[in-house]
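Working notes, structure below.
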Amino acid sequence: MSPTRLPARPGEVIDRDRPLDFTWNGRQVSGFAGDTIVSALAAGGCRVFSRSMKYHRPRGILTADFWDPNTLVQVGDEPNVRGGHRLLEAGMQVTAQNAWPSLRFDAKALTALGGRALSAGFYYKTFMRPRRLWPLYEKVLARFAPGGVIDPDSAPRRHEKRYAHPDVVVAGGGPAGLAAATAAARAGARVLLVEHEHAPGGHLRWGTKRERALGAAVADAARTVGVEILTDATLVGRWEDNWLAIVERDGAGGPERLVKARAKVLVAAPGLIERPYVFAGNDRPGVMLSQGARRLLNLWSVRPGDRAVVWSANTAGDAAAADLEVAGVAVEHVDARAGHTVVAAEGRRGRLERVVLSDGTRLEADLLVTAAGWTAPTSLLNMAGVRPVYDAAAARFFPAPPGAPEAGTVLSTGGVSGDGSLDELVGHGEATGRLAAARAATLAHRLQGATAWAAPASGAEPPFPTDERTPLGRDPHPELYRSSTDGIVDLSEDVSSRDLRHGAAEGFDSVELVKRWTTATMGSAQGKLETVNTVAVLAEATASTVAEVGTTTWRPPYAPVTLGALAGRMFEPVRVSVLHDLHVAAGMTPIGAGQWIRPEHYGDPQAEVRNVRANVGIIDVSPLGKLDIRGPDATELLSLLYVNKWRRLAVGSVRYGVMCAEDGVILDDGVTGRLGEDHYLMSTTSSGAGTMEVWIQNWLQTEHPDWRVRVTPVTDAFTSVNVAGPRSRTLLERLVDGVDLDPEAFKYMQVRLGAVAGVAGCVMWRIGFTGELSYELHVPAGYGPHVWQALLDAGADLGVAPFGLEAQRIMRLEKGHFIVGQDTDALTKAPTAGLKSLIKLDKEDFTGLPELRWALEGEPGAGGPEALPRLVAVQPTDPSYVPPEACQIVATGPDGKEQIVGRITSSRFSPTLERSICLAQVEATHASPETALTVVGTDGRRHRAVAMPHHAHFDPAGERLRG
Amino acid sequence: MAGDGSGASPAQPIRSRRVRTRYPARYSAASLLWRGKRPWPRIWDSGDLGSSYDAVVIGGGVHGLATAYYLASNWGITNVAVVDKGYLGGGGSGRNTAIVRSNYLTPDGVAFYDRSVQLYERLAVDLNLNVMFARRGHLTLAHSDGALRTMRWRAEVNKHQGVDSDVIGPAEIKRLVPALDTSDAPRYPILGALHHPPGGIIRHDAVVWGYARAAAALGVEMHQNTEVLDIDVAGGGGPEGKGPGGRVTGVRTNRGDISAPVVVNCTAGWASLVAAMAGVRLPISTHPLQAAVTEPVKMFLPAVVVSGSLHVYVSQTDRGELVFGAAVDPLATYDTGGSLAFAEELAGHVLQLMPGLERMRLLRQWSGLCDMTPDYSPIIGPTPVAGFHCDVGWGTYGFKAAPVAGEQLAACIAGGQVPELIEPFTLSRFAEGRLVGEKGAAAVGH
Amino acid sequence: MLLVPCPNCGPRNSADLTLVGESEPRPDPAATTPVEWRSYLYEEDNPAGWTRETWYCRLGCGRFFVTERHRAENRFRNPPLGPSGEPPGRT
Amino acid sequence: MPEQAEFTGPVAGTREVSGTGWSLRDQSPIPKLLVYEDFESDGLVRGHLGVAFGASTTAPDGVLVCGVRPGEWLLLGERSGSVPPASGAVTVDLTHGLAMFRLTGPAARHVLAAVCSIDIAEAMLPNGAVCGASVARLACTLARDDVAGEHSYLILSQRSAGRYLFEALGDAGGSRT
């Protein structure tokens, strides 16, 4: 390897005063600030950067940019780094990928085998027998997987995103894009320009002195008029209404940032991507595209070879030849326009030695530069619904037929939409920018007018201008895709033109099928280099044309994006009660319940149960859903929502209710209290609070907009505390003002308003999920901690202690109360849960009425209530055995086989009864009291159990809570 | 407990006439070496579209092709045309994440998918094409006690049906998939998982091609770029004699009209539209389901990992790519343009599970169409229009059911009776109010 | 991210709203038949074209509204009138 | 209120954070009253309060009247009687139910743009504008309420998520520009 860095040249982007040391496969090497990994390595004489995926052929520089399929490298713990794009940093540890076993290993045997058997899709045709050996084959195949190495233990970094709402976004900072951005900004638009490379200017950056000067001038003009320019950033996707994703890379390999932009007008100015040519040996190191050669020379002053053949079909190729000659390279210029083509690149050990032309000429060379034509990266335009159309005369696809005006809010300019002199491209860009700004102004005016909170739009709506730009011309270009020999079409996937032709012959004769069969275009550049050649080879194989075959769908993202950038900072809202810090101080074990973090227990849930049963406990039930319902039709609303009746509920009373969906399935349950004639406070389950609010609003707004009732969610307005236990009344008597707590004055299922610990405006209802005498206090949340502490202080001598969710679950199970979503599921209709008597079929209407009527009364051809499963209390015969929840209950069926007849939905060990207790859903035939049941443990053992007469295992008559 | 056992009596393939497939060239390692660089015969051939067939299958995806294959191989019905408006396998078959498993919730669902896994296991040999079924094992993570309960529910039903599933804890999860963060640090910590060793991934395109090639070798015709424009029905109660009570007589396509006594709707994404051509209204809403793939890295993820509450599933292919899927997009649409929100959500959730993957890059995202039914279960079998059969409504899990759906639907068409395995999934269940309980697995877990 | 023309707020990101579903009248619960009711519950037109659907402006005005959307092209038409009496615009 | 009862806000510890060009303050204790339009006479309350959905106005007693939804207003501030809700209005006190933060400073817009998806440019969210928006994926009410000519936003959410919101906004303030 010999160093190939030239002496300092005008226009180079490296800083020779800042050398940077790094390692390449463990070896110390160096480059300069401004180098990419690839330019630094090339300057040091490196020619082989990777081995190919399937045949392990050596690969060198092709494009020397982001899309180069041959220079993906591992940098530290980061795989698949674009070596042609990533800027060099001191201390980088760069290693080659796909080098198995090593980059230098000459995989002759594999290559030879590849020629015979490793054709595309070979794996579909073999390894079928013997079946049991397939896992082994698979492991071997997996070792051939390309790509770098990920370290799952690498430390996560901080990622962030932002939103933007520019008037105009310009994708691409070449001359046309910069001109468009400048013109749009001059016309008053807020403009965001996104440039993929590290500096704006596009291909002018590696052009002639005049081109470089013009590039700098247009970039300066854009900055001067206030265009926001993002460099090393890519517009990766466009969705409806110009919702755009822009990834900002951090040059140095730091975390990427995602910008989500809603643009009024998008200008696509991505330029053109140079297309490789397919011929024998086209993947040999030393075969390079003209852009690659010019970038190496003019940006980084790296001489890509000593003796070059430049095969050119266009001015870019001619310019490359001229540049190479200036740099002292011996150049043989072969003109494709005169009919000369390359048929082979020959050499040994990963080196190019000679180039064979179609007329048999053999030219000694260590560098072959091809300039075969261009691919228009129409991805963004495709995402906007624009189909690419092939133009044979220009030998490339265009986003629209010649001269077609662009109707909407996505415009294109620059090379993607046509050819011309630099002045013409800049002129088209400016016209596009003006059009974009004018259209954006119309849309901004409309948006301001339509948005309720926006400033009033001044004046009349400006007209949405029609497209009156002079279209760019189209330069004729020869159609050059494949030579008379076969070569590699997709370098990253190692797919040859022979693979494609054979695939077509086997029946994979459409572009989508052959793509899937061979994996062509599925690699790192996602078809940007390969698609058109794939299409052309297929067209040739099927005796059709490129236009007829058409192109594949370009899918987002335009450039790969790290998962970290897409994820950003995690935004997962967490909700906590105002008592949270007190629970933490009290040593709670937290449990996640939806968005809420709640105390599961404070150390010993069984002891918490015993304390409630013996003394008094307090539990924070703030997540309980609460809705304030007011208005003359509030009762009407309740009657519609619940299966039971509400018209006779007295002011000062509360009632339990169940809500069903329109299919009769239990949706939610809870207690609602009547605070005034037209005023109710409804409670819902904690998990159902949000859903129920929307459910109720839907009924009100769409079915009964005439009802005079207002529903306000007040879950967070109250700290809800349940005070439970035989001594709860004694405790409250010490703290409550303005409410007579006498059992005759404040009965079970009643509600009172008053003050607790000096806090006015508390709602108290006498109910209990625990089955004990209990009071649920709803305290204005800001004073929740005060009341909670007051309860603990005032009740110290009564043995008051907080209890958590687990103790509450045990006690509710002792009492046989079901939990919606645990003891019921998505098919559980109300009669299953033992609510038959609650359902009032004589009501005029309530949600789910027809289904519940048919469930209870039967319908022609259906089973009626006997077909529904039942919720029953179950006790295992062995009192110490607690069957895990979801264990199955089985019985022997008529065919003698064991069948599933139900499942345990809840189970706990009851400290009160000192035995295991359960709720279960079982088929009606096994639901009668005293029915012997067989529960299957998770270890497969059968356990005997019995169905109980009541849901409640404890105090079925409810004497304690009424006390 | 769904499926009350009423309806048609069990119908297994009673008079199956298994036909030997005659391939123009058999695939094997030996023939691969022997042929060398010479091209292989066509994998299937499509001649001119005929004017009449014994059956027309609409949809050249894995379901349509499997149905045609089993009609031909199990029942000797070979005068069959499979028509597709695009190319074979271009719909959901080529867009799914190729996960195969049978760890469903209801006994009906488990039995059904278990049969499918059995068929998949021997598919490479049956079809003489390697579908590359990789039995990686399948982990469904639970992040809440409710989810854990649902996992146990599934495991216990699975075990009862003889399917290998069990609930495992964080330590065992970490042992199986070291890249997962099983600490209690994440917002949604991993509390446990449903482990299903028989689950895995498969090369979805290969399944399509295998069925197409085998069906073609039996005489079935494959017609691509053939779009069905209308379905002819006579004697029905609706307009033009369509609808319930009618009998199907043929289909009209952009390449000509076909008469056929049996027409099978095996479309995904267009099920409602095709059914409407016969005058049948379906309980289906069409939603896009998105998927994405990363750049390849060396193997580090040995199992398929699913998190229901984080709406993500991920596996690593033989090529080293991570393939992701998510929940269906809540917006009902036929547009497959995909969304950015999907990629954001997906990446966020993947990194919650495996924080070390933040430097991996998303390479490509795409979407397919899913026909969602109210009970998350498919619609298979006869419809109120005689001769018009459906194999639709597969939601997000159609790929894994293709072999059994094709086998059983073929039996249903040829045998004239609804087989026991698909009896719970007929269209009539909606009008009769006997929905399948699979939704329980999706909806329970507060 | 589709922009949905909320009649009160104006065009909003679809993530700010919830698509409730096809707008269909509810049968009279007292007189309905199982077939009619379950058709209402379960069946959908699900066209790949224009359909009337209900949206809920979850993060904005909190209102349910009916609009027409083309389900293949994700375009809206006949947007309900905005607060100022003018149809909300779209970009 | 009892003398010993102190209003506990949603944020633990320090109730104000700041960075370059912005500050974030917890103002949750400020009284918040939700007022609905009259059942009987449409427009009565709107006429009384003087603003429609999407706008706000400051009453003579300093109360900020925000049109948070069509026919719904949120009155922020200690009312001294100059803005009584109209007689037929339904009112619900949400002082305890909502967290309220004030984000102020020349960089406030930049901070908010990192976590809020709606367009908050001058023309789209001028001073006095009120809207519902997702902030850090949380449903919030946003009111632009400049202080002495300086950009300022009131951001209200469910109280229980206030701590989360406060942290998310503070983090956004630390993002790179």
Side-chain angles (χ1 to χ4, degrees), chain A residues 163 165 167 239-245 260 262-265 385 408-409 439-440 442-454 456-457 461 640 661-664 690 693-694 697-703 705 713 841 843-854 859-862, chain C residues 1-15 17-18 20-21 23-38 40-42 54-58 60-66 69-70 72-76 79-91:
Chain A
Y163 295 93
H165 296 81
D167 294 322
W239 292 271
E240 296 103 335
D241 302 303
N242 280 341
W243 181 246
L244 309 175
K260 296 187 270 182
R262 174 77 74 186
K264 294 174 189 74
V265 178
T409 56
R439 286 186 174 175
T442 310
L443 298 174
H445 194 280
R446 269 184 214 165
L447 197 58
Q448 250 174 281
T451 304
W453 45 84
E461 180 180 301
L640 173 74
E662 289 280 66
D663 57 1
E693 185 202 336
V694 178
Q697 284 296 342
N698 192 353
W699 282 102
L700 268 183
Q701 292 184 28
T702 62
E703 286 289 327
L841 294 177
K843 287 206 292 182
E844 192 178 306
D845 189 11
F846 60 89
T847 62
L849 168 60
E851 286 291 353
L852 291 174
R853 187 196 302 135
W854 299 322
E859 60 172 300
Chain C
M1 179 79 67
L2 195 61
L3 282 176
V4 181
C6 170
N8 297 304
C9 299
R12 292 195 72 116
N13 285 348
S14 58
L17 298 96
T18 304
V20 179
S23 308
E24 196 177 356
R26 181 176 183 244
D28 177 359
T32 190
T33 64
V35 167
E36 181 195 44
W37 184 255
R38 286 164 187 161
Y40 155 73
L41 280 185
Y42 303 125
T54 305
W55 286 79
Y56 171 55
C57 188
R58 195 178 68 252
C61 61
R63 295 294 176 269
F64 288 77
F65 62 91
V66 174
R69 179 172 60 107
H70 194 289
E73 297 166 6
N74 277 348
R75 289 185 293 124
F76 290 86
L81 295 186
S84 57
E86 292 166 7
R90 250 165 64 79
T91 55

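Quick note on labels: first sequence line is chain A, next is B, and so on, each numbered from 1.
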task = Would you name the heavy atoms of C:T32 and A:W854 that are closest together and state the gap between them?
result = O-CZ2, 3.8 Å
key: Pairing residues for C:R63 by the salt bridge (Lys or Arg N to Asp or Glu O under 4.0 Å) criterion, not counting sequence neighbours   = D:E72
request  = Would you kindly say whether C:Y40 and A:E662 are connected by a side-chain donor-acceptor distance under 3.5 Å?
outcome  = yes
ask   = Are C:F65 and A:Q701 close enough that some pair of their side-chain heavy atoms sits under 4.5 Å apart?
value = no
task = Please flag which part of C:T18 lies under 4.5 Å from any non-hydrogen atom of chain A: side chain, backbone, both or neither.
result = neither
inquiry  = Counting heavy-atom pairs under 4.5 Å with chain C, which one of A:N698, A:L700, A:T442, A:L849 comes out on top?
reply    = A:N698
inquiry  = For A:V265, which atoms come within 4.5 Å of any heavy atom of chain C: side chain, backbone, both, or neither?
reply    = neither
ask   = With chain A, which of C:R12, C:R38, C:E73, C:R58 has the greatest number of heavy-atom pairs at distances under 4.5 Å?
value = C:R38
Those residues that, when tested against A:Y163, pass ring-ring contact (aromatic ring centres under 6.0 Å, His included) (two or more places apart) = none
note = Note: vs chain C, highest number of non-hydrogen pairs under 4.5 angstrom among A:R853, A:Q448, A:E703, A:E240 is A:E240
Value rounded to 0.5 Å, distance of OG in C:S14 from CH2 in A:W243 = 9.0 Å
inquiry  = Quick check on C:F64 against chain A: is it the side chain, the backbone, both or neither that has a heavy atom closer than 4.5 Å?
reply    = both
inquiry  = What part of C:N13 gets within 4.5 angstrom of chain A, counting heavy atoms only: side chain, backbone, both, or neither?
reply    = both
request  = Under 4.5 Å heavy-atom distance to chain C, tell me which part of A:T451 shows up: side chain, backbone, both or neither.
outcome  = both
inquiry  = Pair A:D845, C:R26 - check side chain to side chain contact (heavy atoms under 4.5 Å, CB included), show working.
reply    = CA-CA 12 Å; A:D845 189 11; C:R26 181 176 183 244; 2.8 Å; yes
ask   = If you look at every heavy atom in C:P11 and A:A450, which pair is closest and at what distance?
value = CD-CB, 3.9 Å
